Enquirer: 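Just dropping this structure here.
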2 protein chains.
Amino acid sequence: MVTIKDIAEMAKVSKSTVSRVLNNSGYVSEDARMRVEKVVEQTNYTPSQHAKSLRTKKTKIVGVILPTIQTETSSKIVTGLGREFSKLGYEILLANTNLNKEKEFEYLDLLKVRGVDGIVLIATNTEPKLLEKIKEINIPLVMVGQAAEGMMSVTYDDYHASRELTSLLIDKGHERIAFIGVDETDQAVGMRKKGFLQEMAAHQLEVSETWLEKGIFDIDSGYDAMEKILSNSRRSPNKIPTALIAVTDRLAMGAMSYLKKQGMRVPEDMAIAGFGASEFAQYLDPPLTTVDYQNEKAGEEAAIQLINCMHSKNHTEKIVLDYRLIERTSI
Amino acid sequence: MVTIKDIAEMAKVSKSTVSRVLNNSGYVSEDARMRVEKVVEQTNYTPSQHAKSLRTKKTKIVGVILPTIQTETSSKIVTGLGREFSKLGYEILLANTNLNKEKEFEYLDLLKVRGVDGIVLIATNTEPKLLEKIKEINIPLVMVGQAAEGMMSVTYDDYHASRELTSLLIDKGHERIAFIGVDETDQAVGMRKKGFLQEMAAHQLEVSETWLEKGIFDIDSGYDAMEKILSNSRRSPNKIPTALIAVTDRLAMGAMSYLKKQGMRVPEDMAIAGFGASEFAQYLDPPLTTVDYQNEKAGEEAAIQLINCMHSKNHTEKIVLDYRLIERTSI
DNA sequence: CTGTTAGCGCGTTCAA
DNA sequence: TTGAACGCGCTAACAG
């Protein structure tokens with residue numbers, strides 16, 4: 001392997017001078033610079049990142065912790081991150097927790113040991129333990145999808161999106177609307193529920209407990225939740241909902257699947273809407289009404305924010321992204 | 001930051017001894033070991049990876065080059081890779097080319113500079129230039145999805161899967177089958193076409209040029225391709241195909257979408273099948289017949305193969321994974 | 001069993 | 001404008 005020493009000898013200068021031309025630091029004569037550059041060219045020498053990192057304490061690597069890469073949300077965010085980071089020569093170290101919360105902690109430590117310059121956390125919760133740990137490792141970090149006290153973050157306007165979606169359903173004449181949510185530790189998605197409830201309340205519409213179910217993030221749990229809602233509602237007459245909001249498109253997809261199997265029509269018997277603007281939402285039958293959150297943009301913004309922070313310290317900021325309602329024939 | 005030197009002083013031993021207990025190498029007295037472990041515990045010291053890498057020339061990082069993370073195929077492979085690699089303490093450095101072939105070259109160089117121990121290349125082609133470059137950088141590398149002379153690889157049995165799928169369609173009475181493929185530089189997917197053509201030939205069935213179209217990897221191009229096939233076929237009577245095979249589920253989805261818009265029924269007017277076992281395939285209307293390739297398994301196998309190679313050099317091997325036909329009502 | 005010594009490849013003073 | 005010398009944190013020979 002060719003090292004800085006070799007270059008120095010070949011260019012008949014010292015290692016220091018080579019280092020100077022490589023990093024554009026300090027004075028160096030035109031003559032020397034030329035000789036060095038020529039040799040570097042010929043050998044297509046590239047400095048060892050290890051040695052460099054050892055000296056400078058910088059790695060040009062950012063860690064990305066995510067719950068699963070197998071969702072459109074995550075993969076779009078990662079695409080956005082990659083696009084911005086690569087512009088500045090940063091690379092991404094992937095830390096996939098596979099929805100295992102403990103692994104978030106492990107990875108936080110691991111990334112510190114690896115000496116990453118910054119961390120992007122695609123979070124699913126904002127539990128105090130996690131926030132403490134983040135402060136403890138003391139590395140620039142930006143959360144995506146969840147906001148928390150004293151943390152940089154890029155989030156979506158879940159609350160207003162949900163209110164607007166609910167409002168749309170009400171405008172269409174629906175008064176009994178069901179809702180499929182997820183675990184309450186996910187605050188961001190929690191805001192979708194809050195928005196829904198408040199909009200219903202604003203219209204003096206009651207929400208029966210039997211219309212509220214929870215799923216995890218997969219399609220099947222949407223199927224199951226829809227089944228429960230229907231079977232529970234049937235006990236009391238006039239309690240069967242005419243519309244459904246699911247907090248993700250996958251859940252909505254599962255719910256739709258159940259309805260079809262039961263011979264119910266969408267949207268005639270049950271209107272359905274989701275969140276997330278899955279690429280497949282428009283190819284469902286009927287095409288699914290949903291909310292587009294611009295995930296790639298979120299990734300880009302997070303990257304920009306993190307880079308700013310890494311370059312000038314303490315650039316705490318909270319970015320809230322806009323959303324876009326996509327109305328289709330499922331409602 | 002606490003270093004090995006600090007630990008040595010606190011435990012009243014030399015750095016070497018600390019290193020020995022940390023790496024379980026060489027002899028060390030029970031007494032010394034205890035003292036060191038205690039101090040390590042107290043300070044929760046972790047060795048610097050940079051310094052370690054500088055010495056050992058190993059990073060415990062593998063690079064993963066992929067064309068896009070926004071497909072189920074890629075994300076599942078990455079999940080599989082992650083699962084296996086993390087068992088052995090390897091981390092993944094993500095290199096997303098965004099379908100830009102030049103970037104494959106750049107990343108190959110970059111990963112070398114970064115000193116990764118190995119590389120997984122989720123390839124879309126096997127062009128000679130690329131293969132040369134791979135040999136040039138001389139780092140253990142395994143290709144996923146494509147095979148090539150002298151390279152380790154994990155691939156799918158595209159050829160037989162395609163023959164079997166075609167055969168299934170023929171058994172159902174179809175004699176005019178259309179085919180939506182992709183660019184020919186993708187050899188693996190090319191085998192799907194070959195399998196199709198040979199199975200047709202084996203049954204003495206002709207394939208009209210007008211039934212053969214190409215898309216890129218997105219849904220819209222499937223839509224467009226279906227449109228072309230239909231409009232081209234209509235010119236000659238009795239040339240309208242009764243079935244379609246698309247090389248990916250997304251293409252199939254686009255094609256189905258076009259047919260519906262034209263008021264054609266699936267499978268009555270046109271049977272459709274895809275490849276890839278997209279999670280969404282079963283929620284289409286009608287559910288799509290497809291081929292499951294076990295992408296996560298592919299990732300795992302690739303990881304295992306690469307690890308073996310990194311540990312014992314030159315472990316060249318080619319793994320061909322099995323497939324599974326999933327018959328649904330779209331045919 | 002243990003400590004001393006010598007680098008790994010680089011950036012960065014400090015004199016010259 | 002340049003080079004010598006030092007050290008980042010660690011592992012590996014070698015001698016004891």
Side-chain angles (χ1 to χ4, degrees), chain A residues 1-40 43-61 89 109-117, chain B residues 1-40 43-61 89 109-117 139 311:
Chain A
M1 191 192 199
V2 40
T3 76
I4 197 173
K5 195 180 156 202
D6 302 324
I7 304 295
E9 285 169 3
M10 294 172 73
K12 303 205 193 311
V13 292
S14 73
K15 293 190 299 176
S16 328
T17 303
V18 176
S19 176
R20 286 191 191 97
V21 339
L22 256 31
N23 300 298
N24 263 308
S25 61
Y27 299 103
V28 61
S29 67
E30 204 46 38
D31 185 46
R33 153 164 284 119
M34 298 265 286
R35 290 210 308 280
V36 171
E37 282 173 347
K38 193 177 159 198
V39 176
V40 167
T43 58
N44 64 68
Y45 157 77
T46 42
S48 149
Q49 287 293 327
H50 306 315
K52 206 163 181 163
S53 296
L54 185 55
R55 271 303 308 211
T56 63
K57 307 293 173 206
K58 301 226 164 298
T59 53
K60 284 279 193 173
I61 292 183
D109 278 328
L110 184 70
L111 292 177
K112 181 170 183 83
V113 172
R114 290 281 187 188
V116 298
D117 294 344
Chain B
M1 190 192 197
V2 40
T3 76
I4 196 174
K5 195 181 157 202
D6 302 324
I7 303 296
E9 286 169 2
M10 294 173 73
K12 303 202 191 313
V13 292
S14 73
K15 294 191 298 175
S16 330
T17 303
V18 178
S19 177
R20 285 191 191 99
V21 338
L22 257 31
N23 300 298
N24 263 307
S25 61
Y27 299 101
V28 62
S29 66
E30 203 47 36
D31 184 48
R33 153 163 284 120
M34 297 264 285
R35 291 210 307 280
V36 170
E37 282 173 348
K38 193 176 158 200
V39 175
V40 167
T43 57
N44 62 69
Y45 156 78
T46 42
S48 150
Q49 286 295 328
H50 306 316
K52 207 163 180 164
S53 296
L54 184 55
R55 271 303 307 212
T56 63
K57 305 294 173 209
K58 301 228 166 296
T59 53
K60 285 277 193 173
I61 291 183
D109 277 327
L110 185 69
L111 292 176
K112 181 168 183 86
V113 173
R114 290 281 186 187
V116 297
D117 295 343
I139 295 177
H311 290 176

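Proteins come first, then strands; the chains are lettered A, B, ... in the order of their sequence lines, and each starts at number 1. Treat the numbers as computed from the prediction; the structure is a model and nothing was measured.
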Enquirer: Answer with yes or no whether B:R55 presents, from its side chain, a donor or acceptor under 3.5 Å of a partner atom in the base of D:dG9.
Expert: no

Enquirer: Can you check whether B:S14 has a side-chain N or O nearer than 4.0 Å to OP1 or OP2 of C:dG3?
Expert: yes

Enquirer: So does A:K15 get a backbone contact from the side chain of A:S19, meaning a donor-acceptor N/O pair under 3.5 Å?
Expert: no

Enquirer: Which sits closer to the 5' end of DNA chain C, B:D31 or B:L54, going by the nucleotide each is nearest to?
Expert: B:D31

Enquirer: To the nearest Å, give me how far apart NZ (A:K15) and C1' (C:dC14) are.
Expert: 16 Å

Enquirer: Examine the base of C:dT4 for any acceptor or donor lying under 3.5 Å from a partner atom in the side chain of B:S16, and report the outcome as yes or no.
Expert: yes

Enquirer: Rounded to whole Å, how long is the line connecting atom CG of B:D6 with atom C1' of D:dC10?
Expert: 13 Å

Enquirer: Measure from the side chain of A:R20, starting at C-beta and using heavy atoms only, and say which of C:dG3, D:dG3, D:dC10 lies closest.
Expert: D:dG3

Enquirer: Are the side chains of A:T17 and A:R35 in touch, meaning some heavy atoms are under 4.5 Å apart?
Expert: no

Enquirer: Please state how far atom NE2 in A:H50 lies from atom P in D:dG7, giving the value in whole angstrom units.
Expert: 24 Å

Enquirer: Is the phosphate of C:dG9 approached by A:K5 (side-chain N or O, under 4.0 Å from OP1 or OP2)?
Expert: no

Enquirer: Report the distance from atom CD of A:Q49 to atom P of C:dC8, rounded to the nearest whole Å.
Expert: 19 Å

Enquirer: Using whole Å, what does the distance between atom P of nucleotide D:dT1 and atom CZ of A:R35 come to?
Expert: 14 Å

Enquirer: Consider the side chain of A:K57, meaning its heavy atoms from C-beta on, and name the nucleotide among D:dC8, C:dG3, D:dC10 that approaches it most closely.
Expert: D:dC8

Enquirer: Can you tell which of C:dT2, D:dT11, D:dT2 lies closest to the side chain of B:T56?
Expert: D:dT11

Enquirer: C:dT12 C1' sits how many Å from A:L22 CG, rounded?
Expert: 15 Å

Enquirer: Could you check A:I61 against A:Q49 for side chain to side chain contact (heavy atoms under 4.5 Å, CB included), going step by step and ending with a plain yes or no?
Expert: CA-CA 11 Å; A:I61 292 183; A:Q49 287 293 327; over 6 Å; no

Enquirer: Any side-chain heavy-atom pair from B:T46 and A:K112 closer than 4.5 angstrom?
Expert: no

Enquirer: Yes or no on side chain to side chain contact (heavy atoms under 4.5 Å, CB included) for B:R33 and B:N24, after CA distance, side-chain angles and deciding distance?
Expert: CA-CA 10 Å; B:R33 153 163 284 120; B:N24 263 307; 3.6 Å; yes

Enquirer: How many Å lie between CD1 on A:I4 and C1' on C:dG11, as a whole number?
Expert: 8 Å

Enquirer: According to a strict under-4.0 Å criterion, is A:S48 in side-chain N/O contact with OP1 or OP2 of C:dG9?
Expert: no

Enquirer: Name the closest nucleotide to the B:S29 side chain, picking from C:dG9, C:dC1, D:dC10.
Expert: C:dC1

Enquirer: If you check the B:V28 side chain, which of C:dT2, C:dG9, D:dG9 turns out closest?
Expert: C:dT2

Enquirer: Counting heavy atoms from C-beta on, name the nucleotide in D:dG3, C:dC10, D:dT11 closest to the side chain of A:Y45.
Expert: C:dC10

Enquirer: For A:N23 and C:dC10, give me the distance from atom CG to atom P, rounded to whole Å.
Expert: 11 Å

